[in-house]
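Computed from a predicted model, the values in this text were never measured in an experiment. Sequence lines set the chain letters: A, B, ... in the order given, protein chains first and strands last, and positions in each chain run from 1.
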Amino acid sequence: MAAPLSTMKFWKPGAEAPGITEERELNTETTGSPIIFNPHTALSIEKQRQKLPVFKHRNNILYLVESFQTVIIVGETGCGKTTQLPQYLLEAGWATEGKVIGVTQPRRVAAISVANRVAEERGALVGHEVGYTIRFDDCSDPQATRIKFLTDGMLVREMMADPLLKKYSVLMLDEAHERTLYTDIAIGLLKKIQKKRRDLRVIVASATLDAKKFHDFFNLNESGDPNKDTCGILTVEGRTFPVDVFYTVSPVPDYVKATVETVLKIHETEEDGDVLAFLTGQEEVEKVVSLLQDQARSLSRIGMKKHLRILPMYSGLPYADQMKVFERTPPTVRKVVVATNIAETSITINGVVFVIDCAFVKLRAYNPSTAIESLVVTPISKASASQRAGRAGRNRPGKCFRLYTEEDFEKLPASTVPEMQRTNLAPVILQLKALGIDNVLRFSFLSPPPAQTMVQALELLLRSRSKHLQAKVSLHMMQNFNQLCVLAGLDHYGRLTDPMGVRMAEFPLSPMFAKMLLESGTFGCSKEIVTIAAMMQIQNTFVLPANQKKAAAREHRKFAVAEGDHLTMLNVTRRAPSGVQEHFLNYKGLLRAVTVREQLRRLMNKFKVPRTSSEGDPDVILKCIVLGFFSNAARIHHSGSYRTLRDDRELHIHPSSVLYGEKPPKWSGGFSMKCCRRQKYYMRDVTAVESSWFGRVGPHFYKQAKHGSLASKRSRVL
DNA sequence: GAGCACTGC
């Protein structure tokens with residue numbers, strides 16, 4: 001029998017206009033060749049372009065770009081800003097004399113699909129007048145391309161070769177409200193460039209919420225006279241349908257159960273239309289999917305006319321399963337997509353009319369006092385809630401069911417903490433230094449990272465090395481700074497070392513990886529290390545399908561080696577080519593690892609790292625890994641768990657490691673630390689090592705011990 | 001003893 005239909009009660013306050021800020025019509029299969037239009041159909045394209053809401057602001061936009069160095073465009077979903085604005089600028093002559101109009105996107109697929117669409121509108125193939133540049137795929141022509149779409153990370157890379165971005169006349173940062181790490185870096189750098197290049201125009205496309213923050217940041221007018229502002233704002237209305245928002249009457253004790261009940265309630269009482277439910281992670285998604293599938297079976301047994309088709313969606317899902325959510329269902333079937341946050345920005349599913357929002361999201365957090373990254377289930381922001389709601393109004397008016405009270409909604413923060421404020425800054429600092437920002441403390445951050453992190457350590461160490469000031473710096477800051485010094489990316493004055501630091505910054509990887517790669521040639525194992533580094537960039541080498549866990553685990557054991565995960569990865573690449581499917585390997589990931597490896601090899605050649613092989617000797621490889629990852633070392637504790645060398649923190653081997661469940665090695669290293677649920681700390685990518693290797697590799701690092709509790713540890717290490 | 005939101009260079 002079906003469970004009694006929902007006891008959930010919702011109420012609907014005054015209708016809310018969803019503040020939607022994105023307009024990508026994401027075609028997930030963008031690799032097909034674009035259609036070329038003949039002049040006859042071009043007329044209708046012109047008409048379509050004129051119908052977009054942004055069109056009637058055309059002259060105003062061009063006037064603003066002419067008059068202000070920076071223009072903030074608040075453009076709601078479907079207004080056409082991403083595709084039209086660059087074309088208006090092109091038509092108005094902003095791309096003459098070899099200049100380029102650049103438009104950044106936070107995601108690769110978006111850059112490709114938008115470039116394709118704009119090329120289509122202009123009746124040409126992408127890669128000529130309109131092009132794109134993303135990592136591993138440059139589809140632009142240095143001579144011919146006038147409008148270039150690129151990822152924000154790519155723009156930052158380009159600044160290394162061309163610090164003033166001389167080839168660009170205008171740069172538009174799209175989706176700036178998402179505040180990704182690279183968007184924020186680009187924003188800070190562009191402000192700096194604008195002071196030297198008065199002719200460079202910057203357009204920031206953002207949500208309403210942030211417009212003023214961007215305006216105040218970019219406005220260089222200090223006179224108080226608004227007539228002298230250097231930054232203007234323009235709002236363009238969107239083209240979406242209204243979404244009715246409902247809240248629960250009382251707080252929900254268990255949002256997983258509540259999601260299931262709400263789906264059933266919608267199915268029972270609402271008209272046609274697909275459902276999209278947001279949850280925080282894979283486990284929750286699978287749980288809801290399985291509960292709903294049970295219910296759906298019962299419902300069809302009792303003769304419910306309309307069927308439910310329940311589909312999970314998260315990034316770790318195999319590609320073929322992900323594609324299922326885009327398939328159309330017959331009118332007698334209601335599609336229910338149970339997704340993680342991937343459905344909030346990265347993908348758009350057509351046909352969604354009902355959204356269920358649990359109010360939570362899993363976010364990365366960085367704890368500077370432990371140097372450990374963790375994933376924390378956090379309440380979403382209001383901006384995020386409205387983005388989720390907006391997913392219901394893409395095709396026709398929709399409804400959003402929030403599994404929380406209106407009172408709780410009011411307590412949510414206005415926007416999500418920018419990535420810049422919750423990430424490890426070592427790579428950011430290295431990049432900024434490489435871009436000639438000597439004093440990273442003076443860098444104009446749109447949202448400055450917490451002062452208590454490495455930045456403060458840098459300042460204190462740069463200005464004075466007196467004991468008095470050092471006492472104020474906590475141990476971890478010294479360690480972070482020291483880590484970069486030992487890696488030799490920075491000297492003790494905080495300057496980028498040449499060549500080591502300069503080269504490290506050029507690698508699209510964190511400093512530890514770069515160090516390991518650059519030294520691997522002299523260690524005699526660069527061929528192996530480059531493969532291992534590439535493999536470490538993919539999230540999961542192995543896949544564990546929910547219904548075949550045991551069979552998969554059995555297959556995975558076949559690749560395992562006693563030394564640990566790093567050499568197991570090497571083993572996978574050597575033996576995997578046949579039978580990726582049967583061995584339950586991450587096919588997409590392995591393909592990606594191959595491209596990453598190619599890029600790394602090119603950089604290694606550029607820096608003349610000798611191509612050497614350990615010829616089957618594992619120790620050389622492991623020592624080389626320790627060289628980069630010396631700061632991540634642990635030894636076994638009599639309790640059976642591990643303790644970190646740097647601060648005696650309790651650690652466990654992550655269940656995904658091949659060393660999990662085996663006789664634990666005395667020492668482990670090379671791992672990355674993750675804090676997962678219940679405040680337990682885990683090591684991922686673990687390798688068994690010898691204690692004697694650390695002292696030789698990172699003596700300065702562990703010497704720092706004398707400032708704090710590490711002293712006793714160190715004597716045991718060396 | 002038991003688990004990994006999502007991007008990007």
Open item on the list: The side chain of Ile342(A) is closest to which nucleotide in this list: dC9(B), dG3(B), dT7(B)?
Closed with: dT7(B)

Task: Ion pair check, Glu283(A) and Lys362(A), cut-off under 4.0 Å - done: no

TODO: For Tyr660(A) and dG1(B), give me the distance from atom OH to atom C1', rounded to whole Å.
DONE: 4 Å

Task: NZ/NE/NH1/NH2 to OD/OE distance under 4.0 Å, Lys680(A) and Glu650(A) - done: no

Open item on the list: What is the distance, to the nearest angstrom, from the CD1 atom on Ile347(A) to the C1' atom on dA5(B)?
Closed with: 13 Å

Task: Atom-pair distance (NZ on Lys362(A); P on dA5(B)), nearest Å - done: 4 Å

Open item on the list: Just to be sure I understand the rule, does Thr180(A) reach a base, reach only the sugar-phosphate, or reach nothing, if contact means heavy atoms closer than 4.0 Å?
Closed with: nothing

- [ ] With the side chain of Leu544(A) defined as its heavy atoms from C-beta on, choose the nearest nucleotide among dA5(B), dG3(B), dC9(B).
- [x] dG3(B)

- [ ] Considering just the side-chain nitrogens and oxygens of Thr151(A), establish if one lies under 4.0 Å of OP1 or OP2 belonging to dC9(B).
- [x] yes

Open item on the list: Taking any heavy-atom pair under 4.0 Å as a contact, classify Arg364(A): base, sugar-phosphate, or nothing.
Closed with: base

Open item on the list: Measuring from the side chain of Arg108(A) (C-beta onward, heavy atoms only), which nucleotide among dT7(B), dG3(B), dC9(B) has the closest atom?
Closed with: dC9(B)

TODO: Please report the closest heavy-atom contact between Thr151(A) and Thr104(A), naming both atoms and the distance.
DONE: C-CB, 4.5 Å

- [ ] Report the residue (Arg684(A) or Ile653(A)) whose heavy-atom-nearest nucleotide on DNA chain B is the more 5′ of the two.
- [x] Ile653(A)

TODO: Run the numbers on Tyr642(A) and Arg649(A) for side chain to side chain contact (heavy atoms under 4.5 Å, CB included), then give the verdict.
DONE: CA-CA 8 Å; Tyr642(A) 284 81; Arg649(A) 180 171 301 275; over 6 Å; no

Open item on the list: Would you say Lys680(A) places a side-chain N or O within less than 4.0 Å of OP1 or OP2 belonging to dA2(B)?
Closed with: yes

Open item on the list: Between Asp174(A) and Lys81(A), does any NZ, NE, NH1 or NH2 come within less than 4.0 Å of an OD or OE carboxylate oxygen?
Closed with: yes

Task: Basic-acidic side-chain contact under 4.0 Å: Arg601(A), Glu598(A) - done: yes

TODO: Taking only the side-chain heavy atoms of Pro655(A) (C-beta and beyond), determine which of dA2(B), dC9(B), dT7(B) contains the nearest atom.
DONE: dA2(B)

- [ ] Would you kindly give the CD-to-C1' distance between Glu175(A) and dT7(B), to the nearest whole Å?
- [x] 13 Å

Task: Protein-nucleotide distance (Glu283(A), atom CD; dA5(B), atom C1'), rounded to Å - done: 13 Å

- [ ] Considering just the side-chain nitrogens and oxygens of Tyr682(A), establish if one lies under 4.0 Å of OP1 or OP2 belonging to dG3(B).
- [x] yes

Task: OP1 or OP2 of dC6(B) under 4.0 Å from side-chain N/O of Ser315(A) - done: yes

TODO: Pick base, sugar-phosphate or nothing for Gly640(A), based on heavy-atom distances below 4.0 Å to the nucleic acid.
DONE: nothing

TODO: Between dG3(B), dC9(B), dT7(B), spot the one nearest the side chain of Arg135(A), thanks.
DONE: dC9(B)

Task: Interatomic distance where OH belongs to Tyr366(A) and C1' belongs to dT7(B) [whole Å] - done: 19 Å

TODO: Whole angstrom is fine here: how far is it from CZ in Arg592(A) over to P in dG8(B)?
DONE: 7 Å

- [ ] Mind calculating the distance between NZ (Lys287(A)) and C1' (dG3(B)) to the nearest angstrom?
- [x] 16 Å

- [ ] Assign Asp152(A) to base, sugar-phosphate, or nothing according to its heavy-atom contacts below 4.0 angstrom with the strands shown.
- [x] nothing

Task: Nearest-nucleotide pick for Leu363(A), side chain only, options being dA5(B), dT7(B), dA2(B) - done: dA5(B)

